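Taking it in order: structure first as structure tokens, then the write-up.
Nothing here was measured: the structure is a model prediction, and the numbers come from that model.
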Amino acid sequence: MLIQQLKPNVVVRGPILPEPVQVLVVTQVGASVKVIGKGLTTGRVHEPILNAEQLAALEATPEREPFDGEARRFRLGVEALRLGLAYEYDPYFSLSIARVDPLPHQLEAVYDYFLKLPRIRFLLADDPGAGKTIMAGLLIKELKIRGLIQRTLIIAPANLCFQWQREMKDKFRESFELVRSDVLRAAYGSNPWQERNQAVTSISWVSRIEDAKESLLRSRWDLVVVDEAHKMSAYSADKKTLAYQLGEALSQMTDHYLLMTATPHKGDPENFCLFLELLDRDVYGDVKSLEEAMRRHEAPFYLRRIKEALVTFPHPDTGEIRTLFTRREVRTTEFEMNEDELEFYDALTRYVEDQSIKASLDNSARGRALGFTMAMLQRRFASSVRAVRLSLERMRNKRERMLADPQGYRQEQITRRLPEDFDELPDDEQQEILAELEGVVATVDPGGLREDIHQLTKLINQAEELERREVESKLIKLKEVLSDQGVFGDRNMKLLVFTEHKDTLDYLVERLREEWRLGWRPLIKVEHYHLSAEEILKARQ
């Protein structure tokens, strides 16, 4: 370039400059020229003195911009600007770039409830199967298109994290990174949460692991989505779970907060108010405000729709609207225990009461754990004879091992504690803890252990006899109901059975095998119902 081209506001580039420089002042210094300019990348001031050879190596922007740019890039720039404003003329624009076919109730939630709020603090409590994940994905897409969010955090149960990651990628082309313990360890000296604009993590992991929680609370998010948010419920204002404390902290570090659960209410209005305080402490400050919202059938940030209310779009030709789900018919089938079952139940109850008395006299962690274990025994009997028998056998086996090494058992009790966050743990960890607690006894005295083993053996023998004779009333009644409904005669029938314990599930599979001899295979799913130790003991009283 020539010295005449060096004028204020001209941008020069070249190998002798570290970055593009906007010229501010040009001064002649003998045969050379001094240029004072501002770097366009760093903002730093540059003052090079250039001779004729160095000037020739520089390039300068022309005084008038030429129209010789690449047309394809210009078109992409204009298209990007248009897409950034697309929602102004197409309020459902995100649907055209997402791989989903939404249903009416999903559009209603996102566009008639979420996006009409200046600050989204909402509890979505639709029935299972309503597509809450799709609603959350549509919300994320719409907010990103409108430039309202950049950083999004999804918190879900551990077994659903990968599903969230996959569905966000497949249905909405949004990439979320899974943050787990391995990521936390690999990010030593940095904050993995702050380095990721879109992350998904486990609610149980991040609430229990102090390092994960501390680093998360040092980050900031534009939108936080919590799946299965009922896991953040607290028992009372004085007894807040670790997950609830995490929910409170997240509420303070984000503008937009979406809680999703199909079971938000435990039947306790005060508990529900405490749960809603995660969204806004002022709106539902007490039970009266909640009751007023129920009376008006209107809540500022709460939406609950049952499956029977969900329908399709009208048919374009006939205008027909069809329901999405088959209507549910809830029936309770009563049954009565026979004499043998009552005899076993009475013997089990006497054993539980005897052990509970011993536990009440021991105010240590060992005594509390024993009381918890005894409460679980009766719950397992309510599920099935098989479930309680297996628990009794595990208890007997551990007591026999204690007899062989009582000193080792005493040492083990020093470190054993019933965790405070039991209800927040994954299913496999809960079952592992329960199995360990079944070995807790009120004494390690050899005589007491032998007596305890003798009582357990008698109970086990009674349970085995009931199983062998197939006289369990609940199982007999279940077979009658299935036969009356024609389940065993229909090869295309699908049966979904919920049990409280996996041992009961295995028991049903074994006992119903006779009815499956024709090749019929029902779909069976086990569902665990979580109750805290306090809730179980309260239920017994």
Side-chain angles (χ1 to χ4, degrees), residues 340-341 343-362 364-419 422 425 427-468 472 499-507 528 531-533 536-537 539-540:
D340 295 329
E341 288 176 306
E343 182 180 347
F344 173 68
Y345 177 76
D346 291 339
L348 179 66
T349 300
R350 287 193 297 270
Y351 175 75
V352 168
E353 290 176 348
D354 180 60
Q355 294 294 313
S356 297
I357 292 173
K358 295 178 181 178
S360 65
L361 300 177
D362 186 351
S364 64
R366 182 182 63 186
R368 292 192 294 272
L370 177 60
F372 177 80
T373 306
M374 291 301 105
M376 288 302 299
L377 271 182
Q378 288 188 311
R379 287 189 59 81
R380 291 181 72 84
F381 175 72
S383 179
S384 68
V385 174
R386 168 70 61 84
V388 71
R389 178 179 65 80
L390 292 179
S391 285
L392 293 171
E393 288 181 347
R394 287 190 289 264
M395 293 169 63
R396 182 180 63 180
N397 293 338
K398 290 186 178 182
R399 282 151 177 76
E400 289 174 344
R401 290 197 298 269
M402 292 171 200
L403 270 178
D405 185 14
Q407 185 60 38
Y409 171 72
R410 290 191 185 95
Q411 186 62 36
E412 182 183 349
Q413 298 308 296
I414 296 176
T415 56
R416 176 173 292 174
R417 294 291 186 273
L418 182 66
F422 175 81
L425 301 180
D427 292 348
D428 55 345
E429 294 186 29
Q430 287 190 354
Q431 294 301 317
E432 182 179 350
I433 290 174
L434 288 177
E436 290 179 0
L437 291 180
E438 285 170 352
V440 178
V441 293
T443 178
V444 293
D445 174 67
L449 283 175
R450 292 189 183 93
E451 176 61 27
D452 204 9
I453 291 172
H454 176 68
Q455 295 183 37
L456 288 170
T457 301
K458 290 176 61 178
L459 291 172
I460 291 170
N461 291 337
Q462 284 183 270
E464 288 177 338
E465 180 64 21
L466 289 175
E467 286 187 66
R468 186 163 46 250
E472 187 168 358
T499 68
E500 187 172 4
H501 301 284
K502 187 177 183 300
D503 292 332
T504 302
L505 173 71
D506 298 334
Y507 174 62
H528 297 285
L531 288 176
S532 67
I536 293 173
L537 294 175
R540 286 190 63 211

Distance col, row L456:CG vs E451:CD, nearest 0.5 angstrom, shows 10.0 Å
Go through the steps for S356 and E353 under the test side chain to side chain contact (heavy atoms under 4.5 Å, CB included), then give the verdict. CA-CA 5 Å; S356 297; E353 290 176 348; 5.5 Å; no
Output the distance between atom CG (L449) and atom CD (E400), rounded to the nearest 0.5 Å. 10.5 Å
Under the salt bridge (Lys or Arg N to Asp or Glu O under 4.0 Å) test, which residues partner E393, sequence neighbours left out? R389
With Y507 as reference, evaluate E467, R386, E472 under the side-chain hydrogen bond (donor to acceptor under 3.5 Å, both in side chains) test and give the passing residue. E472
Tightest non-hydrogen contact, residues L466 and E341, listed as CD2-N, 4.2 Å
Decide yes or no on side chain to side chain contact (heavy atoms under 4.5 Å, CB included) for D340 and E465, but give the supporting numbers first. CA-CA 9 Å; D340 295 329; E465 180 64 21; over 6 Å; no
Side chain to side chain contact (heavy atoms under 4.5 Å, CB included) between L459 and Q455: does it pass, once the steps are laid out? CA-CA 6 Å; L459 291 172; Q455 295 183 37; 5.6 Å; no
Does the pair L377 and L392 meet the rule for a side chain to side chain contact (heavy atoms under 4.5 Å, CB included), with working shown? CA-CA 8 Å; L377 271 182; L392 293 171; 4.1 Å; yes
Donor-acceptor contact below 3.5 Å, side chain R399 vs main chain M395: yes
One thing to verify: whether D346 and R350 come together as a salt bridge, which I'm taking to mean a side-chain N less than 4.0 angstrom from a carboxylate O. no
Just jot down the ring-ring contact (aromatic ring centres under 6.0 Å, His included) partners of F381, sequence neighbours excluded, or say none. F344, Y345
Please identify each residue that fulfils side chain to side chain donor-acceptor pair (under 3.5 Å) with T504, with sequence neighbours left out. S383, S384
Which distance, rounded to the nearest 0.5 Å, do you find between the CG of D354 and the OG1 of T349? 12.5 Å
Please name the pair of heavy atoms, one in Q462 and one in A347, separated by the smallest distance, quoted to 0.1 Å. OE1-CB, 3.6 Å
